[in-house]
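Report on the following structure.
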Amino acid sequence: MTGSMTNTRDAAHWARALFIREFRLGVRVGGGALIGVLFFLAVVTVFPFGVGPDMKMLARIGAAVLWIGALLATLLGLDRLFQADREDGSLDLLVMSGRSLELVVLIKCAAHWCATGLPLVLAAPVLSLFMNLEPVAMGAVTLTLLVGTPALTLFGAVGAGVTVALRRGGVLLSILVIPLCIPVLIFGVSASTAAVSDFAPFKAPLLFLCAISVLAVVVGPVAAAAALRNAGD
Amino acid sequence: MDFLGFDLGRHGGYVLAAYVVVAFAVTGLLVWIRADRRRLEREMAELEAAGVRRRSQRAKPVQTD
Amino acid sequence: MTLYDLANPTFFLKLVRRVLPWLIGACVLVSAIGLYMAFFSAPEDYQQGNTVRIMFVHVPSAWLALFCYGMMSVSSIGSLVWKHPLADVSAKAAAPIGATFTFLALFTGAVWGKPMWGTWWVWDARLTSMLVLFIMYLGIIALWKTFDDPAKAAPKIAVLTLVGSLNLPIIKFSVDWWNTLHQPASVFRTDGPSIATSILVPLLVMALAFTLLFVAMHLSAMRNEIFRRRIRSMRVRVAAKAPAAAAGRVVGAAGVAGGN
Amino acid sequence: MTSQKMICQGLSCERGGRRVLSDVSFELDGGAALLIKGPNGVGKSSLLRTLAGLVSASAGTIALEGGREDCRLGEQSHYFGHLDALKPALSTIENLRFWQEFYEPHSLPNGTGAIFPDLEAALEAVGIGHTTDLPSGYLSAGQRRRLSFARLLSVPRPVWLLDEPTSALDAASEERMLGFMEQHMQMGGMVIAATHLPLSLANVGELNLSAVQGPAGGSDATAEDTQAGMDDWFYD
């Protein structure tokens with residue numbers, strides 16, 4: 001009864017079911033969406049207390065502060081990506097479901113990004129007010145975040161998959177994933193600062209950022225699925 | 001910039017913006033509270049239909065509006 | 001009518017239903033007077049022109065933000081010390097309203113400062129403390145959302161709220177000190193040399209209007225929260241209620257209804 | 001009705017360097033049940049998890065004759081473990097509907113689909129029909145076990161791997177569950193259950209793990225061998 005002809009319709013069906021469930025859990029009570037944005041707001045607000053309210057200096061480091069805040073906020077929500085499923089037994093069933101684990105991980109990351117990553121991108125323009133960025137820089141930071149945060153989530157999924165069986169995996173996850181995300185950070189910040197200075201190129205780092213995100217779409221799920229497969233014991 | 005025939009001066013736009021946002025936020029809050037109450041009362045009615053008698057209701061049927 | 005009589009939700013709901021219409025009526029009346037005075041009878045400021053009229057919404061919002069946090073702290077004490085169920089309800093119901101008014105205070109403060117400084121946000125001492133208060137509010141709301149069982153969450157959040165209220169004066173002082181450390185005394189002073197009565201009266205009327213509005217919203221939000229708790233307890237009973245006829249073993253005799 | 005046959009030969013697996021299963025072999029025909037007996041720690045759960053493909057076996061083969069060749073046994077079986085795999089924030093029906101839509105169905109040997117394709121009927125059958133719209137956080141432990149079991153009734157898969165199926169269940173629910181197991185076996189399906197309590201099922205075989213591979217620690221003579229594992233190479 002499960003001939004190949006039903007596969008295409010069937011594929012869309014289970015993928016949609018998984019996405020809806022993951023997104024609904026991410027946004028509902030206890031979900032990570034609100035907490036991610038709050039953490040982002042808190043981190044960005046703390047910087048001026050440290051470096052002082054000097055507007056010109058804040059404008060210079062504004063893009064970097066926003067990007068580092070977004071990176072940390074993404075990592076914050078990631079350790080629950082697989083941990084929650086492992087604790088209540090869903091992870092075993094996801095592995096046994098007969099659906100390709102790589103696709104399952106990709107869909108979970110997409111749902112996680114929509115629940116926690118997208119709010120960060122939407123909050124970026126508001127927070128760049130605190131950093132006294134001009135509108136052009138504000139737009140650049142938001143655009144680079146929009147393109148860059150998927151890569152953060154996907155590389156983070158690899159870390160989450162590896163540390164799912166560990167008790168204090170959340171902390172280790174950040175240490176493992178931050179090196180993977182350094183190129184994303186570098187291109188993101190350089191693209192945002194290049195947008196305001198008239199001689200630095202803006203397009204090149206932005207395109208590199210897109211390339212890294214596309215690469216992450218492949219590397220992330222494959223590596224995370226491999227890590228999850230033998231996390232069963 | 002004048003508003004209802006009342007001259008608000010050079011920065012009238014900001015004054016208006018402030019008052020409009022305050023009005024918008026307050027009505028938003030009131031609408032949210034009102035909608036929340038209607039949703040909760042509908043849910044309570046459903047649960048009561050499922051035959052759950054609350055402590056206060058067993059003594060005498062209280063009509064909650 | 002002792003404090004404990006209020007603990008019976010049905011009594012409290014009857015009280016709210018009786019008091020609310022009066023509150024709303026008074027609020028509409030007072031805010032109408034306040035708005036009229038704010039726009040028509042208050043004179044223009046010699047220095048800032050008409051932008052000073054923003055003060056009539058900014059100051060009451062800021063005052064409400066602090067008043068609401070104070071009210072939440074009192075509720076937290078009630079929840080921790082007397083374990084009064086209504087105290088938890090009042091603390092949880094007040095948080096979103098307080099957060100909204102803090103946001104309004106921030107927004108109107110920024111809009112008021114824009115003509116002076118040319119930028120939307122300035123790290124002025126008062127605005128910065130208001131921003132920290134805003135983050136504390138959002139933190140409390142997020143904490144309420146992470147716990148699914150409100151009874152378990154209430155004491156923890158009450159403790160956090162109290163610690164927050166102890167910290168507020170410290171934050172206020174340190175931000176002022178931080179602000180003067182880095183910036184020359186800012187030229188912009190909200191309360192000006194001395195408030196002329198022609199401006200003070202509308203300010204007080206508007207503050208009263210805002211407070212009435214807050215109390216009305218807080219009571220109805222508390223009513224919602226009581227309904228939410230009531231639904232929660234009804235649901236627990238529905239789950240525990242064994243179905244009338246449980247389908248028995250398909251092959252063997254019909255099983256007896258055994259809820260556990 | 002194409003009959004299926006599960007053949008498992010020389011199965012062994014390690015956990016943390018310790019050999020948990022050594023050389024376990026058995027066969028199971030369609031429509032039959034297999035009770036896995038043995039004291040705690042002898043590897044009952046590990047055997048089930050290895051069959052389910054959750055744990056990789058270090059040696060031995062698992063085959064399901066008559067089943068789908070391109071799928072591992074794990075993908076043609078249901079695993080009913082100690083954890084319920086339920087999300088408290090989702091309602092009862094949402095939890096069940098997700099698993100029905102997500103799981104890949106494999107028809108039973110006699111070609112029929114699930115025992116209860118309709119979700120409401122499945123919930124009614126396990127006795128929690130009255131909680132369809134309640135968030136499953138409100139359910140009791142027994143009710144959550146029954147909701148998790150409803151997953152097996154609403155998605156057709158030939159092999160059922162049950163780990164202590166009747167724990168946290170009262171008499172009536174246990175009766176009901178035995179009924180479903182028999183119905184599953186009548187449709188040509190297989191049931192492998194690891195349990196202490198005797199299951200009154202027709203046509204049930206037994207596999208005593210301690211007899212097959214010696215007690216948990218293994219007798220002295222084979223102590224070293226049974227401890228052999230990943231670090232075996234270093235044990236030179």
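Any value given below was found using the heavy atoms of this structure, including those in side chains, with hydrogens, waters and symmetry copies removed.
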Query raised in the report: So A:M96 and D:L73, side-chain contact (heavy atoms from CB on, under 4.5 Å) or not? Walk me through it.
Result: CA-CA 9 Å; A:M96 275 178 64; D:L73 180 79; over 6 Å; no
Query raised in the report: Between D:E94 and A:R24, does a side-chain contact (heavy atoms from CB on, under 4.5 Å) hold up when you go through it step by step?
Result: CA-CA 11 Å; D:E94 281 166 354; A:R24 192 180 284 164; 3.4 Å; yes
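For D:W99, the side-chain hydrogen bond (donor to acceptor under 3.5 Å, both in side chains) criterion is met by no residue, not counting sequence neighbours. With sequence neighbours excluded, the residues satisfying side-chain contact (heavy atoms from CB on, under 4.5 Å) with D:T195 are D:L35, D:E164, D:P165, D:T166, D:L197, D:L199.
Within the 4.5 angstrom heavy-atom criterion, atoms from both the backbone and the side chain of D:S77 approach chain A. For chain A, the nearby part of D:H78 is the backbone; its heavy atoms alone come within less than 4.5 Å. Residue contact with chain A, scored on non-hydrogen atoms closer than 4.5 Å, is absent for D:R97. When heavy atoms are compared at a cutoff of 4.5 Å, A:I20 does not approach chain D at all.
Among D:E75, D:R72, D:K87, D:H82, the residue making the largest number of heavy-atom pairs under 4.5 Å with chain A is D:K87. Of the listed residues (D:P88, D:A52, D:S148, D:G81), the one with the most heavy-atom contacts under 4.5 Å to chain A is D:A52.
The two residues A:L93 and D:Y79 make their nearest non-hydrogen contact at CD2-O, 3.8 Å. When all heavy atoms of A:G98 and D:E104 are compared, the pair lying nearest together is O-OE1, 3.1 Å. Closest approach of D:R157 and A:S97 over heavy atoms only: NH2-O, 2.9 Å.
Heavy atoms of other residues, nucleotides or ligands lying less than 6.0 angstrom from CZ of A:F208 number 12 at most.
We find the CZ-CG distance between D:F80 and A:D92 to be 13.5 Å, quoted to the nearest 0.5 Å. Here the straight-line distance linking atom CG of D:L83 with atom CG of A:D85 works out to 11.5 Å at 0.5 Å rounding. Here the CZ-NE2 distance, from D:F102 to A:H13, works out to 12.0 Å after rounding to the nearest 0.5 Å. Considering CG of A:D88 and OG of D:S136, their distance stands at 9.5 Å, rounded to 0.5 Å.
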